[in-house]
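One structure below.
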Number of protein chains: 2
Amino acid sequence: MKEKAQEIRRTSIGAQRNPQSQEAILQAAEEILVEGGLGAFSIEAVARRARAGKPTIYRWWPSKTMLLLDVYHRQKYVDIAPDTGSVEGDIFQVLHGLLNFWRTESGGAVFRSVIAEAQTNPDACHALGAYMADRYRQGGEIFRRAQKRGEAADWIDPGQAMELIASFAWHRLLTDRLDIKEDELRRVARQFANSVKA
Amino acid sequence: MKEKAQEIRRTSIGAQRNPQSQEAILQAAEEILVEGGLGAFSIEAVARRARAGKPTIYRWWPSKTMLLLDVYHRQKYVDIAPDTGSVEGDIFQVLHGLLNFWRTESGGAVFRSVIAEAQTNPDACHALGAYMADRYRQGGEIFRRAQKRGEAADWIDPGQAMELIASFAWHRLLTDRLDIKEDELRRVARQFANSVKA
DNA sequence: ATATATCGAAACGGTCCGTTTCATTCAAGC
DNA sequence: GCTTGAATGAAACGGACCGTTTCGATATAT
């Protein structure tokens, strides 16, 4: 598991940022979040695992919160605006994709940590809010298409409709109930599809 | 603000728990959560504010998490199953009640802290999950009544429908967006009501 | 009267915080 | 080529909080 390259001590490469250290720090931070959660996430622990000095971390990340947000933004994206041809199909796809990603990849642990951090740190809360607003605007595409097809009512706010769907996924993530059965998830998707019907 | 009674030093009242200390500790814990959030919530801080000894706290609460959950369970309840005569009215009432309680009372700060704690502590997560399952079962009454009236489809799972509504409220709480305008909230209630229509 | 359990205060070793000091390494500028 | 200066990891600092132990004082229960 451990790479040889990580066992040799890194040192300065001159008057410039060492990308190997940056990568090692972000990597270590993510691993700690996945293995031990936000409770195990400390600058000391990250520095130890990355074989980096604490000043090196503090030089490039002003706080634990910012390092956490940086780890979060390195995560890969889940397609929040699939096009299956029907609203119900699209909604199911979004929910299935989100829950599955959070359950199987490292994304779940990282995102849980970001949300928890946002409850303590106003900066994290603001950053999270801005990011989510943008994603919901994007994801609202599902409903804009449905409105063009006449499948969704005009009074529906696409972004807000997407927020309701993501809210359900958040709730399952935060209560550790991502392992929803497929027929249950189909019923939820059906209900959400019903909610926008004309 | 500060009561005289809290300024005199409390002491043992014999071989039994001192209810004044218990009350002072829970009170101090709640105040700290409201004023400084979960980040300021430490056993040391609670002991200082309550003028209590740390061993006294640790004797009755095994961990910070359990003290937090105790504070949470002292909160007053929001009626999650009102009966206005229509599903849409009921849903609006539930959402309005929840958001308003979280915004104006101390309940919001405390609940945010519990959710955040649940992302770190499995005990808190399990306790929260069990509590929420029970509340959704109760709150599902709204939809059971609607089904009897023929206002809601039979394939709707009342508890699950209530979970979707609460999920939206959670999401607003966690992203610090409780100050939703009334007409927006009405649109959300309308959409949720639409989602259960036959 | 004695035993017992509680109370608050104080101090312990340990962890992590954010910062400072240090010797080392190497790019940039003269 | 030589000097300057920034970045690196290691070590140590004072401070906060952790969970625990010790302590003397208090008052119920037996």
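Within every chain, numbering begins at 1; the chains are lettered A, B, ... in the order of the sequence lines, protein sequences first and strands thereafter.
An OP1 or OP2 oxygen of D/dT8 is reached within less than 4.0 angstrom by a side-chain nitrogen or oxygen of A/Arg59. When the side-chain nitrogen and oxygen atoms of B/Trp60 are compared with OP1 and OP2 of C/dC7, one or more of them lie within a distance under 4.0 Å. Between D/dG9 and A/Arg10, a contact under 4.0 Å exists linking OP1 or OP2 to a side-chain N or O.
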When you look at A/Lys197 and A/Glu151, which way does the salt bridge (charged side-chain N to carboxylate O under 4.0 Å, His left out) test go after all the steps?
CA-CA 6 Å; A/Lys197 286 273 163 60; A/Glu151 205 178 352; 5.5 Å; no
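The nucleotide whose nearest atom lies closest to any side-chain atom of B/Thr56 is, among D/dT8, D/dC17, C/dG8, C/dG8.
Taking a cutoff of 4.0 Å between a charged side-chain nitrogen and a carboxylate oxygen, A/Arg112 and A/Glu117 do not qualify as a salt bridge. We find that A/Glu184 and A/Arg187 are not joined by a salt bridge, their nearest charged nitrogen and carboxylate oxygen being 4.0 Å or further apart. Between A/Glu163 and B/Arg172, at least one side-chain N (NZ, or NE/NH1/NH2) sits under 4.0 Å from a carboxylate O, which counts as a salt bridge.
Where A/Gln22 and B/Phe41 meet DNA chain D, the nucleotide closest to each residue was compared, and A/Gln22 sits on the side nearer the 5' end.
Here C/dA27 presents its C1' atom at 13 Å from CG of A/Asn18, a figure rounded to the nearest Å. Remark: P of C/dA9 and CD1 of B/Ile57 are 11 Å apart, rounded to the nearest angstrom.
With ring centers used as reference points, A/Tyr136 lies under 6.0 Å from B/His171.
At distances below 3.5 Å, at least one donor-acceptor pair connects side-chain atoms of B/Asn18 with backbone N or O atoms of B/Thr11.
The ring-ring contact (aromatic ring centres under 6.0 Å, His included) contacts involving residues 21-65 of chain B comprise nothing, where partners must be two or more places apart or lie in separate chains. Residue pairs that meet the salt bridge (charged side-chain N to carboxylate O under 4.0 Å, His left out) test with at least one member in residues 89-100 of chain A, sequence neighbours left out, are A/Asp90-A/Arg145.
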Please list each protein N or O that sits under 3.5 Å from an N or O in nucleotides 13-15 of chain C, with the distance.
none

Quick tally for nucleotides 19-27 of chain D: nucleotides whose base has a protein heavy atom under 4.0 Å get B, sugar-phosphate-only ones S, the rest -, giving BBB----BB
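Between A/Phe192 and B/Phe192, the two ring planes are tilted [angle within 30° to 60°].
The side chain to side chain donor-acceptor pair (under 3.5 Å) test applied to A/His96 returns no partner, not counting sequence neighbours.
No side-chain donor-acceptor contact under 3.5 Å links A/Arg10 and A/Gln20.
Rounded to 10°, the angle separating the first-five-pair axis and the last-five-pair axis of the helix from C/dA1-D/dT30 to C/dC30-D/dG1 equals 10°.
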